[in-house]
**Student:** 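If you scroll down you'll find the structure; I have some questions about it.
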Amino acid sequence: MSTPEQILPERYDPQPIEARWQARWDQEKAFRAEPVSADGATATVPDRPKAYVLEMLPYPSGDIHMGHVKNYTMGDVIAHHRRRQGAAVFHPMGYDAFGLPAENAAIRTGEPPAVVTRRNIDRIRRQMQRLGFALDWNTELATCDPEYYRWTQWIFLRFLERGLAERREAAVNWCPKDQTVLANEQVQDGHCERCGSEVELRQLTQWFLRITDYAQDLLDDMDLLVDWPERVLTMQRNWIGRSEGARVLFRTEDGEHEIPVFTTRPDTLFGATFFILAPEHPLVDRLVEGLPEAEAVRDYAGAASRRSAAERGDAEREKTGVFTGRHVINPVTGEPIPVWVADYVLMDYGTGAIMAVPGHDERDFAFAGAFGIPVVRVIAGEGEDADTPLEEAYTGEGRLVGSGFLDGLDVDTAKARMADWLAERDLGEATVGYRLRDWLVSRQRYWGAPIPVVHCERCGTVPVPEDQLPVLLPDIDDYAPKGQSPLAAATDWVNVDCPSCAGPARRETDTMDTFVDSSWYFLRYTAPHLSGAAFEREVLDYWLPVDQYIGGVEHAVLHLLYARFFTKVLNDAGLVSAREPFARLFTQGMIHRDGAKMSKSKGNVVSPDEIIDRFGADTLRLYVLFMGPAADDIEWSDRGVEGQRRFLERLWRLVRSMGPGSLVARPGREDLGDDAAALETVRKAEAAIVKVSEDIGERFSFHTAISAVQELVNVGTKGVSEGAFEGPAGAAAARYAAQTAVSLLFPFAPHVTCEMWEALGGERLWTEPWPQADPSLLERDEITVVVQINGKVRERMQVATGLAEQELIDLARALPRVAE
RNA sequence: GGGGAUGUGGCGGAAUCGGUAUACGCGACGGUCUCAAACACCGUUGGCCUCUGGCCUUGUGGGUUCGAGUCCCACCAUCCCUACCA
């Protein structure tokens, strides 16, 4: 360690400097978070502002990539800044450690996923430590640890007792390659989010979490998400997909069955000329029983269910369907309309049945055209009447026609009037539909938290009693998926006594989606090794909500929605005070190279380790944030990295040129006298303080914060080389500028700045109060005023500050090039 | 189809409240060092012209304003999300 009064060596060699400071921070427990709940200790909640700074936890795949470096460096900068501003900072780290990659590796090599994962975690931790992140390793957790998933299971039981976890049969997404079901959110464009295989629909009994019960809450509480990117809020809004409409009851012509539909256009009910059931609709079989159409309908339904989700979801595809031979009665016209089965009607949206209005719905229009079904106009737009022929579905505004008691009304009024009419006759009511589906959480895979229930012949589904948690994953030999969970092969484990009646029972063999694990990890950080509870209310309530959350936008409708849902359920269960987990969210852009996302398959990956070896961690940290706006996708540049290294060298030389000495106080105007260069230098330092503080604290504009320090360093370097700091005022100003640059740069490049800080006579820069600018030094005596005439710059004049407008105009008019 | 965003030098980008467009960095060019090259350092660097000066310039075209990269209207281009959701 440098001792005060010592100047820096001539050469900047990052490796030993970084190793030394990392060891020192570790030894001094410099970034230990307080309070954290632990066994046998009573945590006291401090009386000072807190800052919970969190980055989305990594999946331990073996190596961290540049995206991680950028993500954690941003969090680190904010954490350092808040700490030096006097806040109690919580900046934890963990691993989202269950999941398919480790399991797939196990299938290939036979090595247990727990072993693979543990090795990967050790590796990724070492890489993060090399980057000097100010994390509290004491609170580190991995979601695959039994002491963690015990509480994941415990939370699952809370859902179960609140009726929010249920097992039911449904058409679900099945990935044929990974041999497991997937949540709706994990299907992208009809393909498995993980492996890219085309997803099939299968009718299976699975575990769901009833997130749809919280659809409205999830929408309403977006007001509490004070600083989330609009983009993410919009994506969640669209995903939840609230639409107002009506439920309408249709009866079969024999009066035997009532079939409800959901429609957003109850106003068009007079135009409903046919009716469609989804192929999976439970009434399909019964309706066609004994009819000549039965065989054709069953064939069609069978073919539809074998079609891939992608194919079925293709709106461009020609409409297909089959007539059932049955009719239902249109409740307003009293007319029978034919019932068809068609695969463009989806079982899991609305009621799985629709009233088809070909005149005013594009899909219904296409279907009617294909099958020769009559099209009726019930809305007339501007300049149209009831007889204007429809060449395509008309979906615009207009007046109702051919619709009895609705005639002449506009669309919105007609919607309300129809809802009332239906409600008065018990034929329907105004209602709200959501696109959001319940969250399918069971997986037929090994490497996840076992679902803590037992199936008993007598008692049905029985929760595993809390004192028997965790339900540990059994050791097995063959991890390969076989269409059912590999856990089923562990018969000793599967066969148990029913906790309720002690009779023979079988354990649930499915494991939980790993998004369940990551839906509450930010709560467990506050009590990572507590054995008697998932967390402690008082400590949790002190830290929550997370003040700043940072991660990739790819989780907009996955993790970020699920974590909000969990927080609301736990809040309703009286376990957490927070209603929302993440007050502020920042979504970072990706780092590209050669125009594409860095990936092993494209061979365009730059390894963080390699950059650290060549340039040092400080340079890498500086570069990933200097590249451009943190929210944007930016192209990696090797030369850009070198530029940041050069900048650190420049700062190194500037600090070295100060010679031995101690920290200086900010020179005031009286100290600077009439030394203009010195005043300008101090002023630049003050401007940098203001800029860097705002850029880190409010704007998330790290690249401009770094530029501001670079400008300050440039002023210092230039001043030194031009001999502008010869006098006593200049020397003090230069030293103050160097000191300020080092202090402001610390959150970005903590190792080298700590080294420099000691050379400048300070110690423990990480505890140094964050600098405050002196506004009086920012004021100028004179400013340049630009004189424009008709938008053209005509003159520039130096004037004293504080002149009145008329005085300025008079001065301007007196200028020769203005007066002419 | 629906939604969200973006467009500024050779490149990444800055300009935060409508007030000197191009900060900071990369690259390029010139110089110093070197036998030489690389590195490093110093300097120059939006474009054009009739060059001690002038004109033009923020995707395109209009508008508001004393003044527009910034506000309004229209268009063009690109990217992302979503999509048979009744």
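The chains referred to below are lettered A, B, ... by the order of the sequence lines, with proteins before strands, and numbering in each begins at 1. Only a predicted model underlies this, so the values are computations on that prediction, with no experimental measurement involved. These values consider heavy atoms only, across backbone and side chains, with no hydrogens, waters or symmetry-generated copies.
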**Student:** Roughly, in whole Å, what's the span from CG in A/Leu712 to C1' in B/rG25?
**Tutor:**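 Atom CG in A/Leu712 sits about 16 Å away from atom C1' in B/rG25.
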**Student:** Using the glycosidic torsion, which applies to B/rG9: syn (within 90° of 0) or anti (everything else)?
**Tutor:** syn
**Student:** For A/Phe746, give me all partners under ring pair (Phe, Tyr, Trp, His ring centres under 6.0 Å), at least two apart in sequence or on another chain.
**Tutor:** A/His80
**Student:** Do the charged groups of A/Glu722 and A/Lys718 touch, with an N to O distance under 4.0 Å?
**Tutor:** yes
**Student:** What does the 5'-to-3' dot-bracket notation of RNA chain B look like when only Watson-Crick and G-U wobble pairs under 3.5 Å count, and pairs to other strands show as |?
**Tutor:** (((((((..(((......[....)))((((((.......))))))((((...))))..(((((..]....))))))))))))....
**Student:** When rounded to the nearest Å, what value does the distance between P atoms of B/rA15 and B/rG7 take?
**Tutor:** 12 Å
**Student:** If only side-chain N and O atoms of A/Arg653 are considered, is one of them under 4.0 Å from the OP1 or OP2 phosphate oxygen of B/rC41?
**Tutor:** yes
**Student:** Please state the P separation for the pair B/rA14 and B/rU6 - nearest whole angstrom.
**Tutor:** 12 Å
**Student:** Ignoring hydrogens and geometry beyond distance, is a side-chain donor-acceptor pair present between A/Glu185 and A/Trp239 at under 3.5 Å?
**Tutor:**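 A/Glu185 vs A/Trp239: donor-acceptor pair found between side chains.
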**Student:** Taking B/rG10 as the reference, what is the distance to B/rA23 when you measure between their P atoms (whole Å, please)?
**Tutor:**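 Taking atom P in both B/rA23 and B/rG10, they lie 14 Å apart.
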**Student:** Can you name the residues that form a side-chain hydrogen bond (donor to acceptor under 3.5 Å, both in side chains) with A/Arg593, not counting sequence neighbours?
**Tutor:**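 A/Arg593: no side-chain hydrogen bond (donor to acceptor under 3.5 Å, both in side chains) contacts found.
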**Student:** If you assign each of A/Met627 and A/Phe647 to its closest nucleotide in RNA chain B, which residue comes earlier from the 5' end?
**Tutor:** A/Met627
**Student:** Please list, chain by chain and in numerical order, all residues satisfying salt bridge (Lys or Arg N to Asp or Glu O under 4.0 Å) with A/Glu280, sequence neighbours excluded.
**Tutor:** A/Arg312
**Student:** Among all residues two or more places apart in sequence or in another chain, which pass the ring pair (Phe, Tyr, Trp, His ring centres under 6.0 Å) test with A/Phe700?
**Tutor:**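 For A/Phe700 the ring pair (Phe, Tyr, Trp, His ring centres under 6.0 Å) partners, ignoring immediate neighbours, are A/Phe586, A/Phe702.
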**Student:** A/Lys718 or A/Phe626: which one's nearest nucleotide on RNA chain B is closer to the 5' end?
**Tutor:**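 Looking at RNA chain B, the more 5' nearest nucleotide goes with A/Phe626.
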**Student:** Quick one: list whatever passes ring pair (Phe, Tyr, Trp, His ring centres under 6.0 Å) with A/Phe250, sequence neighbours left out.
**Tutor:** A/Phe275
**Student:** Contact class for A/Glu635 (heavy atom, under 4.0 Å): base, sugar-phosphate, or nothing?
**Tutor:** nothing
**Student:** Based on the glycosidic angle (syn within 90° of 0, else anti), state the conformation of B/rC35.
**Tutor:** anti
**Student:** Between B/rC26 and B/rC35, how far apart are the P atoms? Round to whole Å, please.
**Tutor:**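 Their P atoms lie roughly 28 Å apart.
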**Student:** Is any side-chain nitrogen or oxygen of A/His703 closer than 4.0 Å to OP1 or OP2 of B/rA14?
**Tutor:**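 For B/rA14, OP1/OP2 do have a side-chain N/O of A/His703 under 4.0 Å.
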**Student:** Report the glycosidic orientation of B/rC26: syn if within 90° of 0, anti in every other case.
**Tutor:** anti
**Student:** Test of understanding: with salt bridge (Lys or Arg N to Asp or Glu O under 4.0 Å), list the residues that count as partners of A/Glu391, not counting sequence neighbours.
**Tutor:** none
**Student:** Counting just side-chain N and O atoms, does A/Asn714 come under 4.0 Å of either OP1 or OP2 of B/rG25?
**Tutor:** yes
**Student:** Pick the C1' atom in B/rA83 and in B/rG12, then give their distance to the nearest Å.
**Tutor:** 34 Å
**Student:** I'd like to know if A/Glu10 and A/Arg653 make a salt bridge, using a cut-off of under 4.0 Å between side-chain N and carboxylate O.
**Tutor:** no
**Student:** Encode nucleotides 79-86 of chain B as B, S and - characters from 5' to 3', where the letter depends on protein heavy atoms closer than 4.0 Å: B to the base, S only to sugar-phosphate, - to neither.
**Tutor:** -SSSSBBB
**Student:** Check the interface with nucleotides 26-31 of chain B: list each N/O to N/O pair with the protein under 3.5 Å, or write none.
**Tutor:**
from, atom 1, to, atom 2, distance (Å)
B/rC26, OP1, A/Arg646, NE, 3.1
B/rC26, OP1, A/Arg646, NH2, 2.7
B/rG27, OP1, A/Arg639, NH1, 2.2
B/rG27, OP2, A/Arg646, NH2, 3.4

**Student:** Looking only at atom P, what distance separates B/rU34 and B/rU16, rounded to whole Å?
**Tutor:**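 Between the two P atoms, the distance is 47 Å.
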**Student:** Sequence neighbours left out, what passes salt bridge (Lys or Arg N to Asp or Glu O under 4.0 Å) with A/Asp13? Give chain and number order.
**Tutor:**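 A/Asp13: salt bridge (Lys or Arg N to Asp or Glu O under 4.0 Å) contacts with A/Arg11.
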**Student:** If the C1' atom of B/rU58 is compared with that of B/rG18, how far apart are they to the nearest Å?
**Tutor:** 15 Å
**Student:** Taking salt bridge (Lys or Arg N to Asp or Glu O under 4.0 Å) as the test, write out the residues that go with A/Arg231, two or more places apart.
**Tutor:**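 Salt bridge (Lys or Arg N to Asp or Glu O under 4.0 Å) check on A/Arg231 returns nothing, list empty.
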**Student:** Between B/rC11 and B/rG27, how far is it from one C1' atom to the other, in whole Å?
**Tutor:** 7 Å
**Student:** Could you pull out all residues at least two apart from A/Tyr434 that satisfy ring pair (Phe, Tyr, Trp, His ring centres under 6.0 Å)?
**Tutor:**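 Ring pair (Phe, Tyr, Trp, His ring centres under 6.0 Å) list for A/Tyr434, sorted by chain: empty.
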